[in-house]
Amino acid sequence: MDYRKAAQQVYDSIGGKANIVSAAHCATRLRLVIADNDKCDKEAVENIDGVKGVFFASGQLQIIFGTGTVNKVYDEFIRIAGISAATKEEVKQAASAKTSLWKRAVKTLGDVFVPIIPAIVASGLLMGLLEGLCKVFPAMADSGTYTILHLFSNAAFVFLPILIAISAAKVFGGNQFLGAVIGMIMIHTDLMNAWSVAGAESIPTADAWFGLYKINLVGYQGHVIPVVIAVWFMSMLEKKLHKIVPEIIDLFVTPLVTVLVTGYLTLTIFGPVFSWIENGVLSGVQWLITLPLGIGAALCGAVYAPTVVAGVHHMYNALEAGLISSNGVNTWMPIATAANVAQGAAALALALKTRNNKLKSMALPASLSAFLGITEPAIFGVNIRFMKPFVAGMIGGACGALVAGLTGIGASAYGVTGLFGYLITTDYTLQYTLVIVVAFAVAFGISWILFKEERQETAAVQNGASAVAAGAEGTAVAKCAETAEQADASDGAKDVVGCPIEGEAIPLSQVKDETFAGGILGKGMAIIPAQGKVFAPFDGTVETIFPTGHAVALKSTDGVEVLIHVGMDTVKLDGKYYTAHVKDGDAVKKGQLLVEFDKDGIAGEGYDITTPVVITNTDDYADVEAVRTGMTAVGETVIEVKKQAV
């Protein structure tokens, strides 16, 4: 492709230099912060040669070009714009400054609650499995095995304030162990358990602030927002004390004062005030969901997708955690499932109806990922571009959520929606199925009816050729394609890609990144690493190794192009924990060490270490198929690439 032409088109489409705040790139995306989003012609950017996807996220305009291309387009872009290259951190700061206080607050909530999702999911799934087994084997409820496993299943919920406190301390830049202490104070055994208050004859109290008023000595089991507020204050206080306390006594004075002041304020002010506010919010949500005839639930299902577009959907993590903590049932999850499935169904209708192969190849995998709970590829890559499918998804989401509201179903955990939601809705299997079916059917049907593809004039027509000639040419092309497809059916020639990292192979759709999960960069699979070494999956050449070492692009001697991206969003680590053993242009042999990384260090920083292995030139082949899941050794075949018929 013409990199300079692509860069010039991006430059022109976003409003020129006057509208550029900063620019950077990662292994796959051009990341721009622009002053006025309204001056950006997003549709024009989407139609630029080489662009595989465009979306606004976290205050950035992210343009997906793919590995090996984005760096070349970026180099041309900064030359054309006459700007200096920015670091990822500078772009992140610029983007953050652009976003509203409300969006920053919502994102912060997401940053706090998303990392603890695995713990909640594990407990919720175990709880659901135990309940299911007890229905089949009633005697199990009286067994010692049940007693032990039940202890495991509710541990995360019993000590949820501590998990939240640790995560919040990390987000706010405080000491995570001091954060844990604040969480422990809030559910200390000397306080009355909050879940025992309803049946108690009396509640213990204590004087606060020299007898000005009394507080109830009740723990904060079932609350989440008071913990976040308390740890936020703790972190701000700790950082302030580090600046003003002399270094020689800082180790002793700062932790003491931090815990003493924060703990007292938490039990006397933060806890009582914000638990009251939180109770009001949760009561309001529950009231809305349970409005007569399911009207409130339907409204929630309709507005869910727009909140994803606005980037404020992370607030639902806090809401779901609060619902589970307060009554053990997450009634929001089925509503989210209805909205997600509906957007996937709308994208699927478009994929089946469109004649545009590029759009079809994007819409189909995007729809499938939405059914698994990852909607960004369907929403940003397909539906919002044409709007009618997006509206169809909103209507389908409302109808599915209406069923959820009428049946009153709920989940035992959060962080899982779509088809995987069956694992945490074991008490409502039939109702949950009905929610999915209704959301899918309505959204698919409306999208199919409303979507009308605008026919593009062919090059022949543009050059003055007759419509008859154009039609004949189209028929000839179709016949050639049919012949090639028939020939390909008998052509078994394949190339194989070996596993580059020892670990657990999983489908690409399970990766928690919309670009990879949606297949925007190509088909493939992913590895959850068991060790921190990346090896060459075949004989070939290093096309690009990113300066930070977190991603490497290779090309086999047979022409297969592969991107190995170690971890999600790990470009932000700026090379920390990564050591590259090759450079651009190096010839490599299968099994040769390419990169070493500290997987525990990366995970300890809060990053997902799941590693996508993607065939970036998927369109050059008849088929790309991941052929293995589960624990996989280095060198074992994980992807088969079927060649096109000649």
Side-chain angles (χ1 to χ4, degrees), residues 117 120-121 124-125 127-129 131-132 135 285-308 313 316-317 319-320 323-324 327-349 366-376 378-379 383 389-448 509:
I117 284 178
I120 300 300
V121 169
L125 291 179
M127 190 177 297
L129 289 172
E131 291 175 357
K135 288 180 180 179
V285 171
Q286 291 172 323
W287 170 82
L288 181 62
I289 293 175
T290 56
L291 278 177
L293 304 178
I295 295 174
L299 177 63
C300 294
V303 302
Y304 186 93
T307 63
V308 174
H313 57 296
Y316 299 133
N317 291 322
L319 171 62
E320 291 179 279
L323 289 171
I324 292 173
N327 56 30
V329 180
N330 176 8
T331 50
W332 184 265
M333 176 271 189
I335 293 174
T337 285
N340 292 344
V341 168
Q343 290 297 327
L348 180 61
S367 67
L368 297 179
S369 70
F371 300 144
L372 300 177
I374 303 172
T375 56
E376 284 84 356
I379 291 176
N383 294 352
F390 182 71
V391 173
M394 290 176 60
I395 297 172
C399 293
L402 176 66
V403 175
L406 291 173
T407 55
I409 68 174
S412 58
Y414 75 93
V416 177
T417 60
L419 298 180
F420 290 122
Y422 279 104
L423 300 174
I424 56 175
T425 53
T426 53
D427 287 339
Y428 306 95
T429 301
L430 291 178
Q431 298 95 319
Y432 190 68
T433 300
L434 186 60
V435 169
I436 291 176
V437 170
V438 169
F440 179 95
V442 172
F444 184 93
I446 295 177
S447 181
W448 183 275
S509 60

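Positions are given from 1 along the sequence. For clarity, every value in this text was computed on a predicted model and none was experimentally measured.
The side-chain contact (heavy atoms from CB on, under 4.5 Å) search around A339 returns Y304, not counting sequence neighbours. Residues satisfying the side-chain contact (heavy atoms from CB on, under 4.5 Å) test with V438, not counting sequence neighbours, are C399, V403, L434, V442. Under the side-chain contact (heavy atoms from CB on, under 4.5 Å) criterion, L372 pairs with L419, F420, S509, not counting sequence neighbours.
A pairwise comparison of heavy atoms in A346 and A392 identifies CB-CB, 4.4 Å as the closest pair. In plain terms, the two heavy atoms of A370 and G344 that are nearest each other are CB-CA, 3.5 Å. When all heavy atoms are compared, the tightest approach of A305 to I379 is CB-CD1, 4.4 Å. Summarising the geometry of G393 relative to A443, their closest heavy-atom pair is CA-CB, 4.1 Å, with the distance given to 0.1 Å. Nearest approach of G418 to I436, heavy atoms of both residues: O-CD1, 4.3 Å. For the pair A401 and A297, the tightest heavy-atom approach, listed with the atom from each and the gap, is CB-O, 3.1 Å.
For residues 432-443, the pairs satisfying side-chain hydrogen bond (donor to acceptor under 3.5 Å, both in side chains) are T337-Y432, Y422-T433, with sequence neighbours left out. Listed by first and then second residue, the salt bridge (Lys or Arg N to Asp or Glu O under 4.0 Å) pairs involving residues 419-443 are K135-D427 (not counting sequence neighbours). Screening residues 334-348 for salt bridge (Lys or Arg N to Asp or Glu O under 4.0 Å) gives no qualifying pairs among residues at least two apart or on separate chains.
Taken to the nearest 0.5 Å, the CD atom of Q343 stands 9.0 Å off from the OG atom of S447. With rounding to the nearest 0.5 angstrom, the CG atom of L402 is 11.5 Å from the CG atom of L299.
The shortest distance between side-chain heavy atoms of F440 and L348 falls below 4.5 Å. Residues I409 and V435 have side chains in contact (heavy-atom distance under 4.5 Å, counting atoms from C-beta outward). Contact annotation: the side chain of W332 approaches that of L323 to within less than 4.5 Å [non-hydrogen atoms, C-beta and beyond].
A side-chain contact (heavy atoms from CB on, under 4.5 Å) with T417 holds for exactly one of I424, N340, V341, I335; it is N340.
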